[in-house]
Amino acid sequence: SAHCPVGPKMMDLHPAVRKLVSQEIKPRLCGVPLVDKIREQLVRRDGQYGFRSLHHLLTQLDSSGNGTLSQQEFWEGLRGMGMDISPQQMVTLMLHFDKDSNGQITQHEFTRGLKASFSADRSNVVVQCYRALARHCEDTVMLADLHRLFDGTFHPEVLAGRKTAADVTREFIESWQLPDTTIITREMFVDYYSDISAAIDDDYYFEFQLRNVWHLGGGRGVAATLSTHRIQVIHTNGRRTLHELHAFEDEDKQQILRRLRTDGMVDVKDVVI
């Protein structure tokens, strides 16, 4: 990532934000003990990327390549993630995931059975992030663009002092496991963050992270964006006003002007960054 600004220290944050970023993430639970145990072990092993890691592993274990998993492949995948699953527990899991009782599990059945539901509010924030990225990338978002624009400075783990911005950026890049030239569609972006969402129980934590790593303005209360740039707007009548802009680091003046006008500020003549 090209971003290297220094974020605020913990002592400079609002107490509610300090409390938010200090918490250890935990997955949403469903009340099925064995499924909840797997969810917790995934997050304990790989943090917010636990579900993503298992998804990658099961895809590799899909020997037929048809998007389905046999009981053996599913068992090997869980064992490969360090989970000690007994034969009886395997039967229980198959009954839980194999909704059509055909002895195999599709990726869809697996996703629906293991991950908590992806709420409309969370999905909406993810879509807003993608739209901002698409505008910045002239509608074609490539994985290389995500790598370039991802900003770990205000990531909760960084603010809490547990990781550096370079750490969270590297983890993000590695979690995709796709070539840089891959075009990332909105559906792929939403699916990616549904995996991340499954590992994060707290709605505010999830929204705070997204808004800040992608410089998406807005958010209420503790989920509000910290990553802003102050600019001076010169209006067509000569009036000057100050604005907090949620902009990507590499946006030039023309891109900012175009975005301000698209967002409804039709009388903007120039900006001073």
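Count residues from 1 along the sequence.
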### Query
Excluding sequence neighbours, so at least two apart, what forms ring-ring contact (aromatic ring centres under 6.0 Å, His included) with Y192?
F172, W176

### Message
Using the side chain to side chain contact (heavy atoms under 4.5 Å, CB included) criterion, which residues pair with Q209? Sequence neighbours excluded.
### Response
Q48, H155, P156, I200, Y205, V213

### Task
Kindly state each residue pair satisfying side chain to side chain donor-acceptor pair (under 3.5 Å) with at least one member in residues 34-46, sequence neighbours excluded.
D46-S53

#### Entry: Any residue meeting salt bridge (Lys or Arg N to Asp or Glu O under 4.0 Å) with R28, in chain and number order, not counting sequence neighbours
D201, D203

### Message
With a 3.5 Å distance limit and no angle check, can you tell me whether S194 reaches the backbone of D191 through a side-chain donor-acceptor pair?
### Response
yes

### Query
So which pairs with a foot in residues 20-39 pass ring pair (Phe, Tyr, Trp, His ring centres under 6.0 Å), sequence neighbours left out?
none

### Query
Taking only residues two or more places apart in sequence or in another chain, which ones pass side chain to side chain contact (heavy atoms under 4.5 Å, CB included) with Q88?
S86, V91, T92

### Query
Can you name the residues that form a salt bridge (Lys or Arg N to Asp or Glu O under 4.0 Å) with D202, not counting sequence neighbours?
none

### Summary
All heavy atoms of F208 vs all of F154, minimum pair found to be CE2-O, 3.7 Å

### Task
Applying salt bridge (Lys or Arg N to Asp or Glu O under 4.0 Å), name anything that partners R79, two or more places apart in sequence or on another chain.
D84

### Contacts of type side chain to side chain donor-acceptor pair (under 3.5 Å), residue T181, not counting sequence neighbours
none

### Task
Mind running side chain to side chain contact (heavy atoms under 4.5 Å, CB included) on L149 and L133 for me, showing each step along the way?
CA-CA 8 Å; L149 296 172; L133 288 163; 3.7 Å; yes

## Note on the structure
Here the ring pair (Phe, Tyr, Trp, His ring centres under 6.0 Å) pairs for residues 15-74, sequence neighbours left out, are F74-F97

### Query
Got a sec, which residues hit side chain to side chain contact (heavy atoms under 4.5 Å, CB included) with R186, two or more places apart in sequence or on another chain?
V127, Y130, R131, V190

### Message
Tell me every residue that passes side chain to side chain contact (heavy atoms under 4.5 Å, CB included) with N237, counting only those two or more places apart in sequence or in another chain.
### Response
H235, R239

